[in-house]
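See structure below.
A, B, ... follow the sequence lines: proteins, then strands. Residue 1 opens every chain.
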Amino acid sequence: MFSLKMEPLPESFYARDTVLVARELLGKKLVRREGKNGVSGLIIETEAYRGEEDLACHCRAGKTPRTEIMYGPAGRAYVYLIYGMYWLLNIVTEGDGSPGAVLIRAIEPLEGVEIIADRRGGQPRRNWTNGPGKLSRALNIQGDLNGTNICSPKGLLYITEGEHIHPEIIETGPRVGLESVPEPWRSKAWRFMVNYEKLKGA
DNA sequence: AGCACGATTAACT
DNA sequence: GTTAATCGTGCTC
């Protein structure tokens, strides 16, 4: 039986305020398709990066070859390499010409757990996908996915409805790793997390 | 052309 | 708590 919940979220979901999209992505299901294999997880942590004025956003440098994707239509993957070895997955938000993106920081594995276990071998389960570089390793997300349209049902990467998250188990705080970023951007509470222990207990 | 550094992670002491 | 790994990007010369 075909389920509407399997449909990727439409571009209109992402073409809204970046901070709102970051919050609403909690509980959604991130799906990576690789041939006949599928790996997925529930999004449990995100961060918003919005506009050229946000000195933590790569867009602070304006439109460059790297940031160009964030100036285009919403619902595309912005994937970039950091520290020469970790790929980080973002989803482009806002409208054409208004740059912004949501960093996916952590997921809870749902499907393809054996594949994830292989790729994250040697690590305890709780450390499989609890960081942006780790989840990219688990889902085989690399630079070739930069620019991918994540609204396509046949795509290599997309997001569907997942679980409803009760507001009481959502936590917020400053974004991670911005020690050298000036205020007020360093302290903006644009990080959103699901308290997963409470989620499982619910 | 050269350089400093980063939205991180894992392995150290 | 501390630190190495490793390279694309944006800025300076």
Side-chain angles (χ1 to χ4, degrees), chain A residues 14 17-26 28 30 32 39 41 43-72 74-94 98-109 116-148 150 157 159 170-194:
Chain A
Y14 305 102
D17 175 77
T18 306
V19 179
L20 177 65
V21 174
R23 186 187 297 108
E24 293 197 3
L25 275 174
L26 295 179
K28 298 294 190 289
L30 175 66
R32 171 75 164 112
V39 184
I43 297 173
I44 59 171
E45 183 176 342
T46 63
E47 283 176 358
Y49 291 85
R50 183 177 71 187
E52 294 180 350
E53 66 276 14
D54 175 7
L55 295 181
C57 183
H58 290 163
C59 293
R60 67 185 179 278
K63 198 173 188 176
T64 67
R66 178 168 72 155
T67 64
E68 188 174 15
I69 182 69
M70 284 192 278
Y71 287 78
R76 306 302 195 272
Y78 167 44
V79 182
Y80 74 94
L81 184 68
I82 190 163
Y83 295 105
M85 63 183 90
Y86 298 107
W87 296 100
L88 269 56
L89 170 67
N90 300 254
I91 311 301
V92 175
T93 56
E94 311 268 346
S98 179
V102 173
L103 171 69
I104 310 298
R105 286 196 61 88
I107 63 174
E108 184 66 24
I116 293 177
D118 280 349
R119 291 176 176 159
R120 303 290 299 133
Q123 297 294 326
R125 184 181 176 121
R126 61 162 288 115
N127 290 339
W128 281 355
T129 55
N130 64 334
K134 300 178 194 179
L135 75 87
S136 289
R137 288 270 170 91
L139 269 53
N140 192 27
I141 291 168
Q142 300 177 56
D144 58 335
L145 288 181
N146 189 42
T148 297
I150 66 159
L157 191 67
I159 298 174
I170 295 179
E171 299 172 356
T172 67
R175 294 170 291 180
V176 174
L178 306 187
E179 308 309 320
S180 62
V181 174
E183 297 290 3
W185 310 106
R186 182 173 53 206
S187 298
K188 291 273 187 193
W190 286 357
R191 180 189 187 195
F192 301 93
M193 295 162 282
V194 176

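One finds a side-chain N or O of A:R105 lying less than 4.0 angstrom from the OP1 or OP2 phosphate oxygen of B:dT8. Residue A:H58 places at least one side-chain N or O closer than 4.0 Å to OP1 or OP2 of B:dA7. A:R120 has a side-chain polar atom (N or O) that falls below the 4.0 Å cut-off from OP1 or OP2 of B:dA10.
Going from atom OH of A:Y86 over to atom C1' of C:dG8 covers 16 Å, rounded to whole Å. Rounded to an integer number of Å, the gap from CD1 of A:I82 to P of C:dA5 is 18 Å. Between the C1' atom of B:dG6 and the CZ atom of A:R60 lies a distance of 9 Å, rounded to the nearest Å. Distance, A:Q123 CD to B:dT9 P: 11 Å, rounded to whole Å. Taking atom NZ of A:K134 as the reference point, atom P of B:dA11 lies 11 Å away to the nearest angstrom.
Across all strands shown, B:dC5 forms a Watson-Crick or G-U wobble pair with C:dG8, both key distances being under 3.5 Å.
Judged by distance alone, the side chain of A:R23 and the main-chain N or O of A:V21 form no donor-acceptor pair under 3.5 Å. Under a 3.5 Å cut-off, the side chain of A:R186 and the backbone N or O of A:E179 do form a donor-acceptor pair. The main-chain N or O of A:L135 is never found under 3.5 Å from a side-chain atom of A:T129 such that the two would form a donor-acceptor pair. Proximity of a side-chain donor or acceptor of A:T148 to a complementary backbone N or O of A:L145 within less than 3.5 Å is detected. Between the side chain of A:W185 and the backbone N or O of A:E53, at least one donor-acceptor pair lies under 3.5 Å.
Nucleic acid contact class of A:N90 (heavy atoms, under 4.0 Å, all strands): base. At a threshold of 4.0 angstrom between heavy atoms, the contacts of A:R186 with the nucleic acid are absent. Across all strands, A:R175 comes closer than 4.0 Å to no nucleic acid atom at all (heavy-atom distances).
Looking at the side chain of A:P132, the nearest of the listed nucleotides C:dC11, B:dT9, B:dA7 is B:dT9. Distances were taken from every side-chain heavy atom of A:Y83 (C-beta onward) to each of B:dT8, C:dT9, C:dC7; the shortest belongs to B:dT8. Comparing C:dT6, B:dT9, C:dG10 by their nearest atom to the side chain of A:M85 picks out C:dT6.
Comparing the C1' positions of C:dT3 and B:dC5 gives a spacing of 16 Å, expressed to the nearest Å. Remark: the separation of the C1' atoms in C:dG1 and B:dA7 is 22 Å, to the nearest Å.
Where A:N130 and A:S180 meet DNA chain B, the nucleotide closest to each residue was compared, and A:S180 sits on the side nearer the 5' end.
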